[in-house]
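Written out below as structure tokens is the structure these notes cover.
Just so you know, these numbers use all the heavy atoms, side chains as well, and skip hydrogens, waters and symmetry mates.
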Amino acid sequence: MTPNLQGPNIDGGSEGGDPIAEFFVQGAEDRYSDWDLFANMAHWASVSAGLALMMAAGLGFF
């Protein structure tokens with residue numbers, strides 16, 4: 001017997017996904033959707049800071 005490897009169906013369709021998993025995935029998406037902008041800004045701020053440090057090191061400031 002092969003295991004069911006199908007993940008939760010988060011598209012909203014009813015193609016046989018696990019309804020309990022869909023419920024929790026939707027709840028997590030709703031709860032943390034406000035943090036997406038903050039996470040993206042924090043990510044790009046850290047990328048910019050890392051790039052600035054690498055450029056400074058490449059120019060001999062360190």
Side-chain angles (χ1 to χ4, degrees):
M1 178 175 177
T2 59
N4 181 9
L5 299 177
Q6 179 180 3
N9 181 12
I10 59 174
D11 293 332
S14 60
E15 289 129 15
D18 185 1
I20 296 172
E22 289 178 23
F23 172 77
F24 284 108
V25 166
Q26 187 63 45
E29 286 178 349
D30 291 344
R31 181 173 181 177
Y32 296 110
S33 64
D34 294 337
W35 286 97
D36 286 342
L37 178 62
F38 176 78
N40 285 333
M41 290 174 52
H43 167 76
W44 288 112
S46 68
V47 168
S48 299
L51 180 60
L53 288 172
M54 287 191 290
M55 289 175 59
L59 293 173
F61 289 107
F62 294 111

Contact list for residues 37-61, test ring-ring contact (aromatic ring centres under 6.0 Å, His included), sequence neighbours left out: W35-F38
Between CG on residue L53 and OG on residue S48, distance to nearest 0.5 Å: 11.0 Å
With D30 via side-chain hydrogen bond (donor to acceptor under 3.5 Å, both in side chains) - residues at least two apart: Q26
Neighbour count >12 (heavy atoms, 6.0 Å) for atom CG, L59: yes
Contact check, side chains of I20 and F24, non-hydrogen atoms, under 4.5 Å: yes
